[in-house]
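Take a look at the structure below.
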Amino acid sequence: MSDLTKEINKRRTFAIISHPDAGKTTLTEKFLLYGGQINLAGSVKGKATARHAVSDWMDIEKERGISVTSSVLQFEYENCCINILDTPGHQDFSEDTYRTLMAADSAVMVIDAAKGVEPQTRKLFKVCGRRGIPIFTFINKMDRDARDSFELVDEIEKELGIAVCPVNWPIGSGKAFKGVYDRRSKEIVAFSDTEKGTKEGRERHIALDDEKASTDYIGEDARELLLSEIELLDGASPEFDQAEVDHGQLSPVFFGSALTNFGVGMFLHDFLKMTSPPLPRLSEGNVVDPVKEGFSAFVFKIQANMNKAHRDRVAFMRICSGKFTAGMDVYHVQGGKNVRLMQPQQMMADDRHVVDEAYAGDIIGVFDPGIFSIGDTLCMPGRKLHFAGIPTFAPEHFARVRQVDTMKRKQFVKGIMQIAQEGAIQIFQEDNYGMEEVVVGVVGVLQFEVLQYRLKNEYSVEIILEKLPYEHIRWIKDRDTDLDRVTGTSDMKKLRDLKGRPLLLFVNQWSIGMTLDRNEGMELEEYSDN
Ligand code: G4P
């Protein structure tokens, strides 16, 4: 095996998704502990300080104590080179959160055992589901009173529409938490709180068949209950099937407690075996093999003004194939010319270091003199790859935006277009209005604040932002549809996006149904894939 193949095959690039407070940060911290990043792990913890340490780029983040941007953490464990894509954890997440999932090869979904599937998990899951990437479930906080385990796995199956296969099964929860039963080795792994200890702890394994030892440990009643639960599980839950996992149709489920570091090592070990190395990507229908093809990458995120003094922009790209070497010339497909990727860097919590080389699966940030857009492809000179664009995610919040000082129209348009180009907001227009007044759509409401803040700070433009009641956006499939002839409900709004595509905004689902009824043959789409 060539060195290149070896390097690429050891990459595991995944995103951790969860509803805020389910334990994503704590789990990430424990993962890092396994990679020997102990100092770092300490700094990831604790809301007030942690997220800052990880991505501390925008003042607004500092003020609010939340992470607007995402970052990437890289570490080595069990001969794998792991890239964790951190998704902003606050409720007010943005399109960036979704886009980050485009760069991942699999996702780890953290669920709070007392709460089950929560709204943000549902949304993020939907995006993973569309891509068909493997999804792994970690049911967390078993050291606290949890909901019934069958009820939890049922809920995941029903609400998210994915089959689940418990790899282990909890024995009690909260004060009565005794550990987990490993369905493959048929052993009980005894609960131990390793929070204060070292990473591995003293994991004690007891064969369930050893009646005396297992009864001594968990008690007769708990053993009886466990036996009947295992019988039920063996009869009712699907068998583990790697191919189904690979296609995102079956999610392996693990129970544990990130805080006490119980079940994290077991999870990481199994997960690294079950998840895939960098997946091939499609370029205009052709498969781009991560190993056989030379360097290629796509831009999934642009971060402006990371360093205020320099007004710089950094374009984050996911390397899809081959090897990147600092200073190399690559072909920027959308720009139609060769460019030299400047100041390549990798993020490591608060440390940004320059990289000399990186491989398929890795994420690098490069200095962007303003030439890149989200979704752009880069490849070796002489090649003309074109990765599918990053879909535009349906905004859920809308506001009418206009500038206070109409004399500053130029700056307003420049600023708002720039921010839209970075993908932080989407701009819509009414047929009869120009750019003086636009409707802005965002995925997370915090983006409105970011918009206001950035226009003021970077472009010296004050805006008036009037929130609108719409919650649903639908693009009209037939782009030539005459908007004037669309008859909908009175609370519907007709707009166009910057590419001129006609779309409708609705206050509720009911209006969508009514509008479809009233316009025979019209097809509506929830997303507009570029
Ligand atoms: P998030 O990134 O998904 O938002 O969650 P985070 O890890 O910050 O965890 C949210 C809270 O849940 C934290 O408590 C954390 O300590 C706690 N937690 C995480 N995993 C477990 C677990 O397995 N068991 C128990 N009992 N608690 C867990 P906090 O009090 O909000 O913050 P902190 O002061 O402890 O940092």
Side-chain angles (χ1 to χ4, degrees), residues 14-34 37 40-56 61 64-73 84-94 96-97 100-101 107-125 136-147 149 152 168 170-180 189 191-197 199 201 203 253-268 349 444 446:
F14 63 93
I16 308 194
I17 61 175
S18 79
H19 190 83
D21 272 346
K24 187 168 63 77
T25 313
T26 313
L27 187 66
T28 308
E29 175 202 327
K30 303 296 173 188
F31 282 167
L32 295 175
L33 216 60
Y34 285 84
Q37 303 284 350
L40 197 75
S43 71
V44 176
K45 202 170 180 291
K47 290 227 161 53
T49 50
R51 302 251 164 74
H52 283 171
V54 179
S55 58
D56 203 5
E61 288 186 48
R64 297 272 301 252
I66 52 167
S67 170
V68 181
T69 50
S70 329
S71 66
V72 188
L73 304 164
I84 302 184
L85 299 166
D86 185 24
T87 48
H90 193 267
Q91 252 139 345
D92 290 326
F93 64 93
S94 67
D96 263 354
T97 317
T100 301
L101 297 176
V108 170
M109 173 166 73
V110 185
I111 285 184
D112 183 332
K115 299 200 173 131
V117 176
E118 296 179 85
Q120 191 163 314
T121 334
R122 216 172 275 131
K123 284 189 198 172
L124 291 164
F125 180 89
F136 297 82
T137 307
F138 187 82
I139 301 188
N140 191 29
K141 303 198 185 180
M142 291 309 298
D143 60 305
R144 282 213 193 134
D145 288 343
R147 279 172 51 191
S149 308
L152 283 170
N168 61 31
I171 305 164
S173 70
K175 286 204 171 67
F177 185 50
K178 290 286 185 187
V180 293
V189 185
F191 172 62
S192 62
D193 183 344
T194 51
E195 184 187 12
K196 293 164 203 83
K199 62 181 187 202
E203 229 167 58
V253 173
F254 300 78
F255 290 83
S257 156
L259 185 67
T260 59
N261 197 12
F262 177 76
V264 178
M266 286 182 263
F267 172 70
L268 191 57
L446 178 69

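Predicted model, so just to flag it, every value in this text is computed and none were measured. Every number for a ligand or one of its atoms is a count from 1 in the order of the listing.
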| task | Test side-chain contact (heavy atoms from CB on, under 4.5 Å) on Phe125 and Met109 and set out the steps. | result | CA-CA 8 Å; Phe125 180 89; Met109 173 166 73; 3.8 Å; yes

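At a heavy-atom distance under 4.0 Å, atoms from both the backbone and the side chain of Thr25 approach ligand 1. Contacts between Asp21 and ligand 1, counted as non-hydrogen atom pairs separated by less than 4.0 Å, involve both the backbone and the side chain. Looking at Lys24 against ligand 1, both its backbone and its side chain come within 4.0 Å, counting heavy atoms. Residue contacts with ligand 1, taken as heavy atom pairs separated by less than 4.0 Å, involve Ser18 solely via side-chain atoms from C-beta onward.
Residue-to-ligand polar distances keep Met142 apart from ligand 1: every N/O pair is separated by 3.5 Å or more. For Leu27, no nitrogen or oxygen atom sits less than 3.5 Å from a nitrogen or oxygen atom of ligand 1, counting backbone and side chain alike. Note: no N/O pair closer than 3.5 Å links Pro20 and ligand 1 by distance alone. At under 3.5 Å, a nitrogen or oxygen of Leu259, whether backbone or side chain, sits near a nitrogen or oxygen of ligand 1.
Interatomic distance, Thr28 OG1 to Leu33 CG, rounded to the nearest 0.5 Å: 12.0 Å. Here Ser173 contributes atom OG and Asp143 contributes atom CG; the two are 9.0 Å apart, rounded to the nearest 0.5 Å.
No close placement of the Phe254 and Phe138 rings is indicated, their centers lying 6.0 Å or farther apart. The six-membered or imidazole ring of Phe177 lies near that of Phe262, with a centre-to-centre distance under 6.0 Å.
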